[in-house]
Amino acid sequence: MSIYDSLNEQQREAVFNTEGPLLILAGAGSGKTRVLTHRIAYLIEEKKVNPWNILAITFTNKAAQEMRERVDRLAGGDAGSVWVSTFHSACVRILRRHIDRLGFENNFTIYDTDDQKSLIKDICTRLNVDTRVYKEKALMSQISRAKDELITPDQMETNGAGDYNVRKVAAVYREYQAQLCRNNALDFDDLIGKTVELFQNCGDVLESWQHRFRYIMVDEYQDTNTAQFRLVSLLASRYENLCVVGDDDQSIYSFRGANIGNILGFERVFPNARVIRLEQNYRSTQNILNAANEVISNNTERKPKRLWTENEEGSRVQFRQFANGFEEAEYVVGDIAAARREGRCRYGDCAVLYRTNAQSRLFEEKCLLANIPYRIIGGVNFYARKEIKDLLCYLKTVDNARDDLAVRRIINVPKRGIGAATIAKIQDYAELMNISFYDAVRVAEEIPSLGRSLGKINQFAEFIQMLRSKAEHYSVRELLEEIIDLTGYVTELKAEDTDEARSRIENIDELISKTVSYQEAMEEMGRQVTLSGFLEEIALVADIDSVEDGQDYVLFMTLHSAKGLEFPRVYLAGMDDGIFPGSLSIFSDNPSDMEEERRLCYVGITRAEKELTLTSARQRLVRGENRFYKVSRFVEEIPRELVDLGRKITEKKPKLENVISAKSSYGQMKISFRPTPLEKKDFKVTKADSLDYGVGDTVRHVKFGVGVVKNIVEGGRDYEVTVEFDRAGVKKMFAGFAKLKKIQD
DNA sequence: CGTAAAACTTTTTTT
DNA sequence: AAGTTTTACG
C-alpha cells in the first residue's frame, strides 16, 4: 500500500515520469494538484532527489501555500526546502541576490499599477505627450505587452517601421524604463523580464540556478507569457526535467500576455516531450460537467477533448432571469440563505462569480441587509487605499530613497506647506543635476528661489533622516508606529470624527497587524525580516491569497479570481449578452476574444461541485444608465435537458417541452427562457418588470397633467413613484395605477 | 497654498 | 454612479 495507489492510471503515469520534458493536459477537476504534489513526493521519497533541487511554480501565492502544505503532508519535513512559489516571487528572490549585475541596487522597489500610472503620467507631461490622445492606461498596457514579449524600446521602434504612433509609445517606453532605473524600481513585468535579462547576460548566474533546479514544474501553464516561457526554458535547458501542467480550455489571461501557443506548441519546442492527458473529473456532477463540455465545444481553437466523471448525475443546472440586477441579487442571496437554513449547505460552500468587479456591489448590499456573512475578493486593493499608500510610501522612502514617486507623494502629507510650485522647483533641480528627488531635497539650500519653503523642506529631510537611522534597529512595526505617531496621521483622522476617517483608522490598524504577522511568518520560516521584504510581500499579494478553507462566509469574486478553486454551490451571476460575454468581445473583429470569454465561462461552470445556478437580468444600471440585456449566448449553449428554469413543474412542464423540442433557433430559445422565477409569480399581474420612465423623466398623468419624476421606490407589490406635477404639486402614486406616460423632449 | 465645487471620464479581467 | 481631475476663489 503506497500513497500512489489512490491515483488513476494516467495520474500515476504523470507522477512516475520524472525525467525529460512532460506535458500534462489536465482538464478541470482532474486532480492535477494531486499529481503535482505526489510527483514531488515521489521525486524525494523514491528517486532520492534532494528537495533543494526542485522548483514548483504556481499561479497564485494561495496555490503555492496549498501545494506546500500538501507536499509537506505527503513527504514530511524533507520537503521543506522545495521551492514552491509564483513566477513573481521566485524572480524577486533571484533578483534580490543578483540584480546588481544589471546596474540596480538589491533593495529595489516594486511598482504597482498606481505607481506605474503616475510615472507614465509624469513622463507624458515631460515628453509633451497628450494623455487625451495616448491614454496612460493604453500606454501602460502596450508597454506591458511589449515586456511580456521581451521587446525592448529599440525593438519596438524598429518593428514599428516608422509608424508615428509606435514611435511615440516607444519613446514613452524608453523613458519609462530609464525612470524606473533611476528610481531603483521594477514593475511587475520587469520582475520576469529582468530575470531573463540576468540569465541571458550572466552565464555563471544562469548556470548556478540551472544546477540548483534540476526538476522544474509549472502549474497553469496555459497562462504563461512569452517572457515566462523563456525564463523556464533557460532554467530547464540543462537537465530538461521540465513538467508543465495546463489546460488550453482554461486559458483566460491573454489580456495579460498569456501565450496559448506555449501549451499548444510545447511538443514542437520539446520534440522528445511526453504528453499525458487527464480527462477524468473528480469534482463535478455529470450534469454540470456536461453543461461545461457543451459550452466549450463551441470553441474552435482547442485540442479536442471531453471530460467524463463517475460522479452522480446530480441536479440540473438552475437558470433564472430577473427584471433587473436588484432582483437578481435578492434571489441569489435569498437562495443561499434558504439553502443554509434548510441545512443543505454552509455559507462557506457558496461562491458567487461574475464577470466584472463592479457587479459585487448589489450582492454586498443584499448580504448586509440579510445579515449574511460574506467576503468580496478583489476590487480595490487594500494596499491601494489612500491612507495605506501614504504610510507605505514613508516606508518605501526609508527603504529606498531613490524612489522619487514615494518621496514626492509624502513630502506634503500631512500638510507641511510644501506646494506644487516648490515640488516642481526641486524636481527641476534634481533633473538638472542628475540626482534623485530626495537628494535634491537634502541639498535644498543650493536650489534657487525656494524662499520660505526652504525651512519646511529641511525639516522634512531631517525627519526622513531620523527615520532612516531608527530603521536600523527598529522592527517594521515599530518603524510604522513611529511614522504614524510623528506625522500625527491617526491623530488628524481622529479629529475629523467621520465614519470615513474611522474606517481609515481601522485600515491603518490592519496594516500594523500585517507587519506583525509578516514578522511572525518570517521568523517561523527562519528567514530574515527586512523592510524590503515586507514591502515586496505587499506588492505581490493578491486578495485571493488570504482566502482560507473552512471559513464560513459566502465568497464573491470575479471568474478570473475563481480559477483553481472549487465550491459545492456556485452561482454565475450576470449571464447577459453584453455583460458576459462582455460587449467588447461581442463587437470585437477578432473571434478569439469571444473564445476567451467562452473559456472563462467554462472555468466558471467547472468550479461547481454539486449545485450550479446561472442568473441574468433584463435590465441593469450600468454607469448610471439603464441598459437592456438578452440572455447570455453561453446559457443558450447549454442543452435544454440539463437546465431547470424554476417553473412549477406540474402545469408548465409539458408546454415548456413543446416549445423547446420544436427547434433550437435563437428566437425560440428566448421564449423558453423568458419565465420569471417562482417567487415573483403572485405579483406578476400588478408589478411591471420594469418602467419605461425613470427619475428625471417628464411624464403625463391622465388627471394631474405633466410632471417630472422625482423618485422611484421599489415596493413589494409595485413601484411607488414620486412625481412633481407642474400644476398639481408633488404626488406619490403606484405605477400600476397611475399609468404614467413618458413624454419625449 | 488650500479647499470646494464643477467638469470630465470611465468599458472588463490581475501578478 | 463613482471616481478623478480641473478650475475658481478665499
Side-chain angles (χ1 to χ4, degrees), chain A residues 57-64 85-92 110-114 116-118 121 131-132 135-138 140-141 144 147-148 186-193 220 223-225 227-228 251-258 325 353-362 377-381 383-386 412 414-423 451-453 456 536-545 557-564 574 578-588 593 596-597 599-601 603-604 620-627 695:
Chain A
I57 305 246
T58 59
F59 198 67
T60 61
N61 294 299
K62 176 178 157 64
S85 88
T86 64
F87 270 109
H88 295 270
S89 347
C91 286
V92 173
I110 300 167
Y111 274 3
D112 66 20
T113 320
D114 282 348
Q116 291 178 47
K117 197 175 167 191
S118 37
K121 211 175 153 185
T131 50
R132 281 170 218 278
K135 298 260 167 64
E136 291 100 321
K137 272 193 180 170
M140 274 164 68
S141 87
S144 176
K147 290 185 179 186
D148 289 339
L186 301 186
D187 64 18
F188 286 127
D189 303 308
D190 282 343
L191 295 178
I192 316 292
E220 307 283 11
D223 287 320
T224 52
N225 61 34
Q228 290 165 333
S251 163
I252 55 173
Y253 280 100
S254 71
F255 71 91
R256 191 166 96 177
L353 313 181
Y354 36 74
R355 181 65 236 270
T356 62
N357 282 307
Q359 289 168 263
S360 66
R361 249 199 59 212
L362 290 175
I377 310 298
V380 184
N381 189 326
Y383 298 105
R385 290 172 198 189
K386 184 185 173 298
N412 200 29
K415 301 268 181 300
R416 296 191 174 89
I418 304 174
T422 309
I423 293 173
R452 279 169 297 139
S453 309
K456 297 166 186 167
E536 152 195 327
E537 169 144 317
I538 279 174
L540 297 181
V541 289
D543 212 4
I544 193 76
D545 296 335
M557 68 185 101
T558 63
L559 289 149
H560 282 89
S561 295
K563 189 163 79 140
I579 302 279
F580 184 37
S583 44
L584 258 66
S585 62
I586 292 174
F587 296 113
S588 166
D593 290 339
E596 176 142 324
E597 293 281 302
R599 290 194 291 270
L600 194 54
C601 182
V603 167
R620 285 178 194 278
L621 211 55
V622 179
R623 261 193 317 280
E625 59 179 340
N626 256 320
R627 297 207 186 166
V695 174

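The chains referred to below are lettered A, B, ... by the order of the sequence lines, with proteins before strands, and numbering in each begins at 1. Quick note: numbers below take in every heavy atom, side chains included, and nothing from hydrogens, waters or symmetry partners. Computed from a predicted model, the values in this text were never measured in an experiment.
To the nearest whole angstrom, the two P atoms, one in C:dT4 and one in B:dT13, are 15 Å apart. A distance of about 23 Å separates the C1' atoms of C:dT5 and B:dT12, rounded to the whole Å.
No donor-acceptor pair under 3.5 Å is formed between the side chain of A:N61 and the backbone N or O of A:S85. At least one donor-acceptor pair closer than 3.5 Å links the side chain of A:Q228 to the backbone N or O of A:N225. When atom types are taken as modelled, the side chain of A:Y354 and the backbone of A:L559 share no donor-acceptor pair closer than 3.5 angstrom. Within the 3.5 Å criterion, the main-chain N or O of A:S585 finds no donor-acceptor partner in the side chain of A:D593.
Contact annotation for A:T422: backbone-only contact, meaning every heavy-atom pair under 4.0 Å involves sugar-phosphate atoms and none involves a base. A:S89 comes within 4.0 angstrom of nothing in the nucleic acid, heavy atoms only. Residue A:D189 is classed as having no contact, given no heavy-atom separation below 4.0 Å to the nucleic acid. A:K137 comes within 4.0 angstrom of the backbone, heavy atoms only, and of no base. Counting non-hydrogen atoms under 4.0 angstrom, A:Y253 reaches the backbone sugars and phosphates but no base. If you check every strand for non-hydrogen atoms under 4.0 Å, A:N412 touches sugar and phosphate atoms only. Contacts of A:E597 with the nucleic acid, taken as non-hydrogen atoms under 4.0 Å apart, include base atoms. The residue A:R599 sits apart from the nucleic acid: no heavy atom pair falls under 4.0 Å. A:K117 comes within contact range of no nucleotide atom at all, as no heavy-atom separation falls under 4.0 Å. Contacts of A:A421 with the nucleic acid, taken as non-hydrogen atoms under 4.0 Å apart, involve only primed sugar atoms and P, OP1 or OP2. Using a 4.0 Å heavy-atom distance criterion, A:G417 is classed as a sugar-phosphate-only contact.
Rounding to whole angstrom units, CZ of residue A:R623 and C1' of C:dT4 are separated by 15 Å. Rounded to whole Å, the distance from CG on A:N381 to P on C:dG3 is 15 Å.
For A:D148 and A:R256, the salt-bridge test fails: no basic side-chain N is under 4.0 Å from an acidic carboxylate O. Under the 4.0 Å criterion applied to side-chain N and carboxylate O atoms, A:E625 and A:R623 are not assigned as salt-bridge partners.
Nearest heavy-atom pair across A:D545 and A:T60 is OD1-CB, 3.7 Å.
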For Watson-Crick and G-U wobble pairs within 3.5 Å on both distances, what is DNA chain B written in dot-bracket notation, | included for inter-strand pairing?
||||||||||.....
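In 5' to 3' order, the nucleotides of DNA chain B bounding all contacts with chain A (an atom under 4.0 Å from a heavy atom) are B:dC1 to B:dT15.
In this view, A:E220 and A:K32, A:K563 satisfy the salt bridge (charged side-chain N to carboxylate O under 4.0 Å, His left out) rule, not counting sequence neighbours. Residues satisfying the salt bridge (charged side-chain N to carboxylate O under 4.0 Å, His left out) criterion with A:D112, sequence neighbours excluded, are A:K389. Under the ring-ring contact (aromatic ring centres under 6.0 Å, His included) criterion, A:H560 pairs with A:Y253, A:F255, sequence neighbours left out.
Between the NZ atom in A:K137 and the CD atom in A:Q116 there is a gap of 12.5 Å [rounded to 0.5 Å].
Between the side chains of A:T356 and A:Q359, a donor-acceptor pair is found at a separation under 3.5 Å.
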Every protein N/O within reach of nucleotides 7-10 of chain C N/O, cut-off under 3.5 Å:
none

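Summary of the strand contacts: A:K135 and A:L600 both lie near DNA chain B, and taking for each the nucleotide with the nearest heavy atom, the more 5' one is attributed to A:K135.
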